[in-house]
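What's counted below: heavy atoms across the whole structure, side chains too, no hydrogens, waters or symmetry copies.
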Amino acid sequence: MTFVLGMLLGQLPYNAGIVHVQPLPASAKIVVQPWRWDSPVKVRPGDECPYTARLSGQRVRRMFATYHLLRQGEEHDFYAWYGCSASGTLTVDDKSFNFIVRPLNLLSTNWPDGHWKPLGGKHSDDPSGN
């Protein structure tokens, strides 16, 4: 019933029609910068990025293997946003690409075609992934 009602309202379940980007080849070199606060406004005085551990290249590789392209409105409807990020570069066959990782399962990248696109993992409001 919910699926049918969602279709009537022009909404599909979040897992309908999931599209993944091309996985990174094993030869991809990944460089990740430390987390930084990048929101123009801090929510509370003294707000800083709560992520202090450096994001590993292995973790970024897993994100590219499992995250999917976000549909219009999906980030707004299903993901929480936090004002910090970790950016980095990918080098594949002597070509460089960029990515930006945000807490709570969000990633933006211009891999593999040079055009920026948003990716997401499990929805922030559904930690179980259901």
Side-chain angles (χ1 to χ4, degrees):
M1 179 68 176
T2 302
F3 180 79
V4 173
L5 181 59
M7 287 178 61
L8 292 173
L9 296 174
Q11 301 169 343
L12 290 173
Y14 75 86
N15 60 356
I18 288 180
V19 176
H20 293 272
V21 294
Q22 179 179 344
L24 296 176
S27 62
K29 293 179 178 72
I30 302 170
V31 176
V32 186
Q33 300 300 316
W35 290 99
R36 65 184 176 86
W37 186 265
D38 58 359
S39 176
V41 177
K42 295 195 177 190
V43 179
R44 295 174 298 276
D47 268 353
E48 298 299 331
C49 186
Y51 298 90
T52 56
R54 190 171 182 105
L55 186 64
S56 71
Q58 182 178 11
R59 175 71 180 118
V60 170
R61 188 177 295 277
R62 278 195 309 270
M63 290 174 181
F64 274 92
T66 60
Y67 282 21
H68 65 278
L69 288 170
L70 297 179
R71 293 184 313 268
Q72 185 175 354
E74 186 175 2
E75 182 175 351
H76 177 269
D77 293 346
F78 295 104
Y79 291 89
W81 191 88
Y82 200 80
C84 61
S85 65
S87 60
T89 57
L90 310 167
T91 304
V92 179
D93 298 329
D94 295 325
K95 294 181 183 173
S96 290
F97 302 92
N98 301 299
F99 62 89
I100 300 170
V101 176
R102 294 204 173 276
L104 306 173
N105 305 324
L106 291 170
L107 169 78
S108 296
T109 186
N110 63 352
W111 161 260
D113 57 7
H115 299 284
W116 281 94
K117 60 197 76 50
L119 307 176
K122 291 179 182 175
H123 288 165
S124 302
D125 63 351
D126 186 8
S128 70
N130 294 322

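From Asn110, atom CG reaches atom CG of Leu90 across 8.0 Å, with rounding to the nearest 0.5 Å. Here the straight-line distance linking atom NE2 of His68 with atom CG of Leu107 works out to 11.5 Å at 0.5 Å rounding. Atoms CD1 and CG, on Ile18 and Leu70 in that order, are 10.0 Å from each other to the nearest 0.5 Å.
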Start with the C-alpha distance between Ile30 and Leu24, add both sets of side-chain angles, then the distance that settles side-chain contact (heavy atoms from CB on, under 4.5 Å), and finish with yes or no.
CA-CA 10 Å; Ile30 302 170; Leu24 296 176; 3.9 Å; yes
Starting from the C-alpha separation in whole Å, work towards a yes-or-no answer on side-chain contact (heavy atoms from CB on, under 4.5 Å) for Leu106 and Leu119.
CA-CA 6 Å; Leu106 291 170; Leu119 307 176; over 6 Å; no
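For His123 and Tyr79, the ring centers sit closer than 6.0 Å to each other.
Both Phe97 and Leu55 sit in one connected hydrophobic cluster of ILVMFWY residues. Membership requires side-chain heavy atoms under 4.5 Å apart, directly or through other members.
Counting only distance, with no hydrogens or angles, the side chain of His20 and the backbone of Tyr67 share a donor-acceptor pair below 3.5 Å. Looking at Trp116, its side chain never comes within 3.5 Å of a backbone N or O of Asn98 through a donor-acceptor pair. Between the Ser85 side chain and the Val101 main chain, no donor and acceptor come within less than 3.5 Å of each other.
By the ring-ring contact (aromatic ring centres under 6.0 Å, His included) test, Phe99 pairs with no residue at all, sequence neighbours left out.
For residues 104-114, the salt bridge (Lys or Arg N to Asp or Glu O under 4.0 Å) pairs, not counting sequence neighbours, are Asp113-Lys117. Within the structure, salt bridge (Lys or Arg N to Asp or Glu O under 4.0 Å) contacts touching residues 78-105 (residues at least two apart or in different chains) are Asp38-Arg102.
Membership of an apolar cluster is not assigned to Val31, as no side-chain contact below 4.5 Å to another ILVMFWY residue is traced.
Trp35 and Pro103 get closest at one heavy-atom pair: CZ3-CD, 3.7 Å. Smallest separation of non-hydrogen atoms from Leu104 and Ala80: CD1-CB, 3.4 Å.
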Under 3.5 Å, which donor-acceptor pairs link side chains of residues 57-64 to any protein atom two or more places apart or in another chain?
{"unit_1": "Arg61", "atom_1": "NH1", "unit_2": "Pro25", "atom_2": "O", "d": "2.9"}
{"unit_1": "Arg61", "atom_1": "NH2", "unit_2": "Ala28", "atom_2": "O", "d": "2.9"}

